[in-house]
Amino acid sequence: MSALQRVVVPLGERSYDVVVGHGAIAELAGLLPGTARKAAVVTQATVPCSIDLPLPTARIEIGVGESHKTLTTIELVARSFARIGLTRHDVVIAVGGGMVTDIAGFAAATWHRGMPVINVATTLLGMVDGAIGGKTAVNLPEGKNLVGSFWQPSGVICDLDALATLPSRERRSGDGEMAKYHFLTGEDLEALDLTARVARCVSIKAALVAADEREGDQRALLNYGHTLAHALEIVTDHGLTHGEAVGIGLVFAAELARQLDRIDDERVKAHRVVVGDTYGLPTSVPTDLGADDLMALMARDKKALDGLTFVLDGPRGIEIVRDVSTSDVRAALARM
Ligand SMILES: NC(=O)c1ccc[n+]([C@@H]2O[C@H](COP(=O)([O-])OP(=O)(O)OC[C@H]3O[C@@H](n4cnc5c(N)ncnc54)[C@H](O)[C@@H]3O)[C@@H](O)[C@H]2O)c1
């Protein structure tokens with residue numbers, strides 16, 4: 001079994017460690033802020049969670065699923081903080097996937113105007129993405145993640161033992177993000193064991209977050225494959241998992257880059273092989289989905305500032321490309 005790996009997210013005095021590996025939870029006590037006298041563990045009934053801390057600990061359960069990622073849940077969590085008597089010198093521990101870390105992070109960001117939070121990621125998606133980088137948010141009926149804040153955790157634990165109980169559908173969500181990292185680095189991540197691969201994904205995200213904490217162009221590269229993916233998730237009412245949608249979105253991004261003469265056929269093929277063969281994700285748009293619906297949804301994507309904006313591969317690597325014409329997008333979709 002490989003040793004634990006520690007990745008630093010370098011943000012000056014707000015820098016923090018991400019500890020990755022089997023049994024990483026043993027490092028949690030070492031991440032606690034010295035000022036903490038109490039801890040509030042925010043989690044879900046469906047998350048296997050046994051946290052043993054050397055200080056009085058209260059457990060707060062939130063609902064499961066995106067319909068609970070709301071301001072109402074933030075209020076419920078904050079009222080629990082009040083009952084526990086949590087101060088801004090104490091600590092919140094988020095134990096769960098991206099949903100839990102988004103809720104607990106936002107609650108911590110706003111409780112007494114900001115208190116420490118440590119993320120214990122229990123899904124693959126949370127480990128390689130959601131738990132790192134300090135984006136926290138809740139949904140409104142008008143859209144996903146519309147209310148939130150940037151609030152960095154004080155530390156992150158990615159204990160791979162937690163993945164043993166993760167349903168395969170949730171595992172695939174993380175696989176889609178790993179396939180994305182594969183292209184962002186150009187490295188053969190599959191050659192690494194799981195600890196090293198997750199740690200490498202964390203370090204890629206850490207570097208992008210450090211370079212561009214509040215999401216200008218650099219951090220937006222993490223959206224590679226996500227423009228079509230978001231449209232597919234909406235149009236199928238989440239019939240496709242996030243990871244499956246990202247897989248298709250990555251292949252589409254390659255087809256669009258080819259359409260714009262930014263990459264050659266070999267590079268498109270490489271996308272199909274990595275997404276389909278290496279990660280076992282779908283590579284084509286389900287035949288019953290109409291191009292018009294997908295086009296309309298992609299145009300509405302909140303990352304689109306002027307016309308259609310995509311993150312695309314090209315001679316200078318992966319970058320933001322603006323003002324892509326609808327006829328090129330349609331031509332690329334037709335090859336999907
Ligand atoms: N803040 C960010 O940077 C960021 C990035 C990506 C995604 N997100 C957010 O993350 C959320 C998706 O996260 P997710 O894919 O981790 O889903 P999730 O947190 O909703 O978890 C999926 C399901 O798995 C269960 N679960 C979690 N860990 C488990 C375990 N070890 N064993 C068994 N069941 C377990 C959960 O209870 C839930 O039912 C979305 O709300 C998304 O917006 C945030």
Side-chain angles (χ1 to χ4, degrees), residues 9 18 22 24-25 41-51 60-70 73-74 94-109 117 119-140 143-153 156-178 180-181 198 201-202 204-206 208-209 212-215 219-226 229-230 233-234 238 240-246 249 301-303:
V9 182
V18 181
H22 292 279
I25 195 70
V41 170
V42 179
T43 188
Q44 291 167 319
T46 43
V47 175
C49 161
S50 57
I51 298 288
I60 301 168
E61 261 181 31
I62 62 169
V64 174
E66 282 291 313
S67 64
H68 291 274
K69 215 175 114 175
T70 59
T73 301
I74 295 295
V95 185
M99 150 101 190
V100 170
T101 51
D102 272 13
I103 287 279
F106 188 42
V117 59
N119 289 335
V120 177
T122 62
T123 65
L124 187 57
L125 183 103
M127 292 179 188
V128 298
D129 194 0
I132 311 145
K135 276 212 249 175
T136 76
V138 296
N139 305 329
L140 293 179
K144 256 190 79 137
N145 295 331
L146 291 181
V147 183
S149 66
F150 286 96
W151 187 250
Q152 297 294 341
V156 180
I157 298 285
C158 302
D159 188 337
L160 302 181
D161 289 346
L163 301 178
T165 52
L166 194 66
S168 59
R169 188 181 159 87
E170 303 302 341
R171 173 91 190 209
R172 282 165 82 74
S173 279
D175 285 340
E177 297 301 334
M178 293 237 244
K180 172 191 81 180
Y181 284 118
V198 170
C201 292
V202 169
I204 298 162
K205 178 154 185 181
L208 289 169
V209 168
D212 175 22
E213 189 179 357
R214 293 196 167 232
E215 192 159 322
R219 188 167 174 167
L221 299 185
L222 292 164
N223 296 320
Y224 189 45
H226 281 59
H230 288 149
E233 285 180 279
I234 294 169
H238 297 272
L240 287 170
T241 69
H242 181 66
E244 288 164 348
V246 170
D301 191 272
K302 68 179 189 302
K303 268 91 195 175

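Whatever order the structure lists ligands and atoms in, that order sets their numbers, starting from 1. When reading the values below, keep in mind they use all heavy atoms of this one structure, side chains included, and skip hydrogens, waters and symmetry mates. The structure presented is a predicted model; accordingly, all values stated were derived computationally and were not measured.
A side-chain N or O of His226 and one of Glu177 form a donor-acceptor pair less than 3.5 Å apart. Side-chain contact check for His68 and Gln44: no donor-acceptor pair (N or O, by modelled atom type) lies under 3.5 Å.
Contacts of Asp159 classified as side-chain hydrogen bond (donor to acceptor under 3.5 Å, both in side chains), with partners at least two apart in sequence or in another chain: none. Residues that satisfy the salt bridge (charged side-chain N to carboxylate O under 4.0 Å, His left out) test with Arg172, not counting sequence neighbours, are Glu244. In terms of the salt bridge (charged side-chain N to carboxylate O under 4.0 Å, His left out) criterion, Glu233 has no residue partners (sequence neighbours excluded).
Between Asn145 and the options Leu140, Asp102, Val138, Thr136, a side chain to side chain contact (heavy atoms under 4.5 Å, CB included) holds for only Asp102.
Near ligand 1, residues Gln44, Thr46, Val47, Pro48, Val64, Glu66, Lys69, Gly97, Gly98, Met99, Asp102, Thr122, Thr123, Leu125, Asp129, Gly130, Lys135, Lys144, Asn145, Ala162, Thr165, Leu166, Pro167, Glu170, Lys205 come within 4.0 angstrom through at least one heavy atom.
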